[in-house]
Undergrad: 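Next up is a structure, given as structure tokens.
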Amino acid sequence: MATHFFADTAVLTGRTMRHVTRSLDTIITTAITPIAIMLLFVYVFGGAIDTGSVSYVNYLLPGILLITIASGISYTAFRLFTDMQGGIFERFQSMPIARSGVLWAHVLTSLLANLMSLVVVVGVALLMGFRSGAGVLAWLAVAGILVLFTLALTWLAVIPGLTAKSVDGASAFSYPLIFLPFISSAFVPTDTMPGPVRAFAEHQPVTSIVNAIRDLFAQQPVGTSIWTALAWCGGILVVAYVFANIIYRRKIS
């Protein structure tokens with residue numbers, strides 16, 4: 001049964017990946033928005049923001065990486081919605097394939113596409129002066145956090161992809177996720193914010209994830225931020241995965 005699931009998921013992932021590779025503008029579009037934000041903040045606002053001895057591009061990059069992921073997962077919802085409306089799910093259900101493999105194919109495609117976009121964004125950041133003395137283990141830890149965050153948001157994207165009534169509705173849910181880093185420590189230190197805004201910024205998931213990645217890049221002790229970040233990502237992933245599968249079963253039953 002497990003072999004059947006993995007084989008079916010691999011085939012279906014190949015199908016959805018072909019859709020991505022045939023329209024690379026998807027990856028380019030996903031990367032353009034965070035790159036534009038990074039250019040704007042570094043070269044226009046960066047000189048007015050005090051980040052101590054840390055260059056602003058180094059300070060900013062973790063938040064930009066999260067915005068890249070939030071931009072990319074809207075396409076997951078879009079692809080799912082398109083498949084639902086096109087009747088492809090019904091065709092798959094008439095075939096002897098693992099039912100969960102259909103969803104996992106979209107999730108894995110989202111993960112791979114977002115990783116490609118992240119590589120593009122990091123490459124641009126390097127051209128802009130980003131530098132890190134982090135070792136291999138620190139980079140692997142950053143990659144692990146980003147993968148977990150991508151999986152969490154992707155399963156979250158599955159829900160509107162299955163339930164939306166229009167294409168705009170399927171992808172619009174990602175907009176709040178894109179703007180969430182702006183009310184966090186991603187762009188400015190939270191201690192510069194007024195009381196209520198600061199309280200929200202310091203206790204929402206983006207801040208702990210950004211702080212953990214920033215400390216790893218800077219070779220600083222991560223403290224409790226990494227555990228808080230992992231707890232947020234893991235919690236969102238579990239809840240989104242459960243609800244997405246419940247909705248999926250109802251849709252195909």
Side-chain angles (χ1 to χ4, degrees), residues 1-2 4-23 25-27 29-30 33 66-118 146-180 205-206 232-253:
M1 184 66 182
H4 182 51
F5 165 76
F6 288 120
D8 291 344
T9 301
V11 172
L12 293 169
T13 302
R15 166 188 170 268
T16 50
M17 278 302 299
R18 281 192 293 273
H19 291 172
V20 174
T21 55
R22 288 171 184 169
S23 58
D25 56 313
T26 298
I27 295 174
T29 303
T30 300
T33 298
L66 299 194
I67 290 176
T68 304
I69 295 169
S71 300
I73 51 107
S74 64
Y75 287 100
T76 303
F78 170 78
R79 286 190 292 265
L80 266 170
F81 176 82
T82 303
D83 278 356
M84 289 291 294
Q85 295 301 306
I88 194 69
F89 274 65
E90 287 78 4
R91 291 176 59 189
F92 284 149
Q93 295 314 309
S94 66
M95 302 169 68
I97 61 175
R99 292 189 174 189
S100 58
V102 179
L103 283 188
W104 272 106
H106 281 279
V107 170
L108 293 176
T109 297
S110 173
L111 180 60
L112 293 172
N114 274 293
L115 288 176
M116 285 187 266
S117 297
L118 288 171
L146 293 175
V147 166
L148 188 60
F149 185 69
T150 303
L151 286 173
L153 292 196
T154 298
W155 279 107
L156 199 61
V158 168
I159 297 173
L162 294 173
T163 59
K165 303 299 182 183
S166 66
V167 173
D168 292 337
S171 55
F173 89 102
S174 66
Y175 297 154
L177 300 177
I178 294 173
F179 287 106
L180 196 58
V206 169
W232 272 113
C233 291
I236 295 170
L237 174 58
V238 170
V239 172
Y241 176 82
V242 170
F243 277 96
N245 277 276
I246 290 172
I247 294 169
Y248 177 59
R249 291 191 186 98
R250 289 178 178 174
K251 285 284 184 179
I252 64 176
S253 60

Undergrad: Does any non-hydrogen side-chain atom of L111 lie less than 4.5 Å from one of V107?
TA: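 No, side chains not in contact.
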Undergrad: List, one per line, each side-chain donor-acceptor pair under 3.5 Å for residues 234-242, sequence neighbours excluded.
TA:
none

Undergrad: Identify each donor-acceptor pair in which a side-chain atom of residues 154-162 lies under 3.5 Å from a protein atom, sequence neighbours left out, and give them as a table.
TA:
from : atom 1 : to   : atom 2 : distance (Å)
T154 : OG1    : S110 : OG     : 2.9
T154 : OG1    : T150 : O      : 2.6

Undergrad: Apply side chain to side chain contact (heavy atoms under 4.5 Å, CB included) to S74 and list each qualifying residue two or more places apart in sequence or on a separate chain.
TA: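 Side chain to side chain contact (heavy atoms under 4.5 Å, CB included) check on S74 returns S171, S174.
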Undergrad: Are L66 and L146 side-chain neighbours, meaning at least one heavy-atom pair lies under 4.5 Å?
TA: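 Of all side-chain heavy-atom pairs linking L146 with L66, at least one is under 4.5 Å.
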Undergrad: So, for H106 and T76, which heavy atoms are closest and what is the spacing to 0.1 Å?
TA: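 Looking at all heavy atoms of both residues, the shortest contact is O-CG2, 4.2 Å.
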Undergrad: If you look at every heavy atom in A164 and F81, which pair is closest and at what distance?
TA: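 In terms of heavy atoms, the two residues are closest at O-CE1, 3.4 Å.
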Undergrad: What pairs with F179 under ring-ring contact (aromatic ring centres under 6.0 Å, His included), at least two apart in sequence or on another chain?
TA: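 Result, ring-ring contact (aromatic ring centres under 6.0 Å, His included) vs F179: F182.
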Undergrad: What is the distance from atom CZ of R249 to atom CG of N245, rounded to the nearest 0.5 Å?
TA: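 The CG atom of N245 is 5.0 Å from CZ of R249, to the nearest 0.5 Å.
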Undergrad: Would you say L153 and N114 make side-chain contact, with heavy atoms under 4.5 Å?
TA: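 No, side chains not in contact.
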